[in-house]
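Bear in mind the structure is a predicted one, so any value in this text is a computation, not a measurement.
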Amino acid sequence: MPRVTQAHLDARRQQILDAARARFASHGFARTSMTDLVEASGLSTGAIYRYFKGKDEIVAAICAHSNQALPTELTAGSAREFLEHIRTMAREEDHARLVAQIYAEAAVSPPLADLVRRQLAELRAAVAGLLPGREPAEADRIAEAFVTLCGGYGQQLAIRGDLDPAPFVTALVAIIES
């Protein structure tokens, strides 16, 4: 019997995650069953359970594979580019709605809340690292505000649809330059 390659296994896992992202963003977690994920992925129930024990594990995997395209420095231009990236992800991949669903689920799931808290702490630390020359407490304060404002922009995109980032960029620049 031929052995299944790691590339094949990775592709199937990614297929499940992609289908779950799309379904969760459009229908939410509560309105998405494993049967829905089977249908959306085109795989069998057994195939999905080979990779994940259940929906909660799929959600955690989606969170674990999130990628932030943080700028390499914090300037007005890089803040605009970062928010444009968030806006593009919202338009093209429904990412803002997915993140809104993840936050809502994290509010009632302690294990997911722990994962989201860790990711937010890592993001704040990365942003603080982009503020050379600032006292650590000041860099942490700026990073907290930066991450919160960017998250708020994402939530606005999830609810209001495509939204000009200009006022958010102005606020970010004020925070960075404070």
Side-chain angles (χ1 to χ4, degrees), residues 13-41 48 51-71 74 78-128 130 141-176:
R13 189 173 195 283
Q14 191 60 50
Q15 184 177 349
I16 295 163
L17 292 175
D18 291 344
R21 268 189 201 91
R23 181 70 192 200
F24 291 154
S26 65
H27 291 82
F29 297 123
R31 289 190 223 128
T32 298
S33 67
M34 288 302 283
T35 302
D36 294 326
L37 295 179
V38 166
E39 183 179 306
S41 69
I48 291 178
Y51 297 93
F52 302 100
K53 292 178 184 171
K55 218 167 47 166
D56 290 345
E57 201 170 286
I58 294 171
V59 173
I62 288 170
C63 288
H65 286 91
S66 70
N67 66 352
Q68 293 290 336
L70 273 181
L74 291 182
S78 67
R80 177 174 301 286
E81 288 174 14
F82 184 62
L83 291 183
E84 282 294 348
H85 171 73
I86 292 171
R87 185 182 191 190
T88 298
M89 295 285 292
R91 271 191 304 230
E92 295 177 3
E93 298 180 25
D94 220 0
H95 190 72
R97 288 178 52 166
L98 176 63
V99 171
Q101 292 296 323
I102 289 169
Y103 277 40
E105 188 66 16
V108 297
S109 168
L112 185 57
D114 288 342
L115 176 60
V116 170
R117 274 194 293 274
R118 280 193 310 275
Q119 288 180 320
L120 287 170
E122 289 168 6
L123 184 57
R124 287 190 306 272
V127 170
L130 298 175
R141 178 184 57 78
I142 292 169
E144 181 77 52
F146 184 93
V147 169
T148 299
L149 186 64
C150 291
Y153 177 63
Q155 295 297 298
Q156 291 292 313
L157 289 167
I159 302 301
R160 296 171 60 191
D162 197 27
L163 187 62
D164 181 10
F168 297 89
V169 171
T170 300
L172 285 177
V173 170
I175 290 167
I176 294 164

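For the pair Val147 and Leu120, the minimum side-chain heavy-atom distance is below 4.5 Å. Under the 4.5 Å side-chain criterion, counting only non-hydrogen atoms from C-beta, Phe146 is not in contact with Leu123. With a 4.5 Å cut-off on side-chain heavy atoms, Ile58 and Met34 count as touching. Side-chain atoms of Glu84 and Pro165, non-hydrogen and from C-beta on, do get closer than 4.5 Å to each other. The side-chain heavy atoms of Leu37 and Ile16, taken from C-beta on, include no pair separated by under 4.5 Å. A heavy-atom distance below 4.5 Å is found between the side chains of Arg87 and Asp162. Phe29 is listed as a side-chain neighbour of Ile102, based on a closest heavy-atom distance under 4.5 Å.
Sorted by first and then second residue, the salt bridge (charged side-chain N to carboxylate O under 4.0 Å, His left out) pairs with a member in residues 144-154 read Arg124-Glu144; sequence neighbours excluded.
The minimum heavy-atom distance between Gly154 and Ile86, with the atom names listed, is CA-CG2, 4.4 Å. When every heavy atom of Phe168 is checked against every heavy atom of Leu83, the shortest pair comes out as CB-CD1, 3.5 Å.
Residues satisfying the salt bridge (Lys or Arg N to Asp or Glu O under 4.0 Å) test with Asp164, not counting sequence neighbours, are none. Contacts of Val38 classified as side-chain contact (heavy atoms from CB on, under 4.5 Å), with partners at least two apart in sequence or in another chain: Thr45, Ile48.
We find the OG-CD distance between Ser26 and Gln101 to be 9.0 Å, quoted to the nearest 0.5 Å.
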